[in-house]
Number of protein chains: 2
Amino acid sequence: MPRGRLTAADVVRAGAELADEIGYQDLTMGVLAQRLGVRTPSLYKHVDGLDDLRHRIATLATTELGEAVRAALQGKAGSDALAAFARAFGAYVTAHPGRYTATTGAEVSGPGDELYDASARVLDSMAAVLRGYGVEEGEMVHAIRTLRCLFHGFAALQSANGFQWSGDADESFEWLIGFVDRGLPGADDRLT
Amino acid sequence: MPRGRLTAADVVRAGAELADEIGYQDLTMGVLAQRLGVRTPSLYKHVDGLDDLRHRIATLATTELGEAVRAALQGKAGSDALAAFARAFGAYVTAHPGRYTATTGAEVSGPGDELYDASARVLDSMAAVLRGYGVEEGEMVHAIRTLRCLFHGFAALQSANGFQWSGDADESFEWLIGFVDRGLPGADDRLT
DNA sequence: GCTTTATGGCTATCAGCATTAACCAAGGGA
DNA sequence: TCCCTTGGTTAATGCTGATAGCCATAAAGC
């Protein structure tokens, strides 16, 4: 093969796909190199080691998640927006368990970090839902944290166990949406 | 018994303590052996490798968590029981981040597994709270799954990031409890 | 009290993975 | 044409998990 084939983005993308396929824990430099048809040390020309690769995959995943959520929120408000956010979130995590696992436990260094910005965009979308829902600013921080726990927990259980939920997983997820709807204070526009 | 300095329970307990101190990811056979004043291969006389050690730590943590929750629930009902459950859960996770991390991602083989039984006891306590709260049996499974997501997410974020929450973390946690209280349907006895 | 035995420790060793060093080949600009 | 940057290679190092096989000692039986 000639020169200049691989780029950093290629490596990260292939790593993300591989993590979704074989599981995040089994994503190793060797298997990724094999997937790319290259020897292991070559990856270090594009990525600064395994930790860096993981961080970049987490950034990619968070960015994609933010875009998916933002797209789902277009033209929605109130409880519709909440349901759309939740379904988009759940759909992304189900489709990309390896990528989401990368985001759990990823270290965010600070405002200069791309991952920080991507996370902030997801949380902004969450805040937009809550604000359009009638949550007061004083409660906003608590509401965001609570919803973050709920969705993060769902995602973690989803990507770890794959949910041995008996089969009515969708029904449970809809119940979860209704639960949030009831739990949020000060809303005029409610689900069923 | 012939001469027995170390026992399997000792190894697991020391592993759990070490995980709380230095972080679950950094818990290695070598550092655990060092803590116990023993060479690495000696641990294999008590524990069947690192995976087995992790599984046992997860079992220990889940058992302890179940006991803490059960104790907190004594004599409580309705919203008091919910608050007690949540606070006991949060306190355990905060005190033992390494142990809880062991439970996330632990594989439960089946009903013969001790971890399975320990998890079932925690979920039973959760169900008891919900039942005393007025949740119908038809919704029980959905409610349990939802609360499991919420508390698991809290615990995961807590033990991973240590929550850079600005300082009013307790206030947010109380808000979370109120959120659950409002979100659960069919209750007579409410907080606030 | 002496022998047997099994248990729990040890040293030595291997295998897998991340990482680094040192080297080489192609392509573009001087 | 020459150089030098770039992206690949092979070789080697270090760390960690894991196994094999040896050794010491305490408990059990005579």
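Chain letters run A, B, ... following the sequence lines, proteins first and then strands; every chain starts at 1.
Counting non-hydrogen atoms under 4.0 angstrom, T28(A) reaches the backbone sugars and phosphates but no base. Among the heavy atoms of the strands, none lies under 4.0 Å from T40(B).
The CG atom of L150(A) sits 13.0 Å away from the CZ atom of R148(A) when rounded to the nearest 0.5 Å.
Protein atom CD of Q34(A) is 16 Å distant from nucleotide atom C1' of dA18(C), rounded to whole Å. Atom CG of D26(A) and atom P of dC17(C) are 10 Å apart (whole Å). Separating the CD atom of Q25(B) from the C1' atom of dC15(D) is a distance of 17 Å, rounded to the nearest angstrom. One interatomic measurement links the two molecules: CG of L43(B) to C1' of dT16(D), which rounds to 13 Å at whole-angstrom precision. R39(A) has its CZ atom 15 Å from the C1' atom of dC24(C), to the nearest Å. With rounding to whole Å, L32(A) atom CG is found 10 Å from dA18(C) atom P. The nearest whole Å value for the distance from the CG atom in L6(B) to the C1' atom in dC10(C) is 14 Å. Regarding L50(A), its CG atom lies at a distance of 12 Å from the P atom of dT20(C), rounded to whole Å.
Of the two residues contacting DNA chain D, namely G37(A) and D51(B), the nearest-nucleotide position lying further toward the 5' end is that of G37(A).
Taking the side chain of V38(B) as heavy atoms from C-beta on, and the options dG8(D), dC10(C), dT10(D), the nearest nucleotide is dC10(C). For K45(A), the listed nucleotide lying nearest its side chain is dG7(D); candidates were dG9(C), dG7(D), dG17(D). Of the listed nucleotides (dT11(C), dG7(D), dT19(C)), dT11(C) has the atom at the smallest distance from the side chain of P41(B). Considering only the side chain of Y44(A), dT20(C) comes nearest among dC10(C), dG8(D), dT20(C).
A salt bridge does not link D117(B) to R121(B): none of the charged side-chain nitrogens sits closer than 4.0 Å to a carboxylate oxygen. A salt bridge does not link R145(B) to E139(B): none of the charged side-chain nitrogens sits closer than 4.0 Å to a carboxylate oxygen.
Applying the 4.0 Å criterion to OP1 and OP2 of dG9(C), one finds that R5(B) has every side-chain N and O outside that range. OP1 and OP2 of dT6(D) both lie 4.0 Å or more from every side-chain N or O belonging to H46(A).
Side chains of H46(A) and D10(A): no donor on one and acceptor on the other come within 3.5 Å.
Ring-plane geometry between W175(A) and F179(A) is classed as parallel, the angle between the planes falling under 30 degrees on a 0 to 90 degree scale with a further cut at 60.
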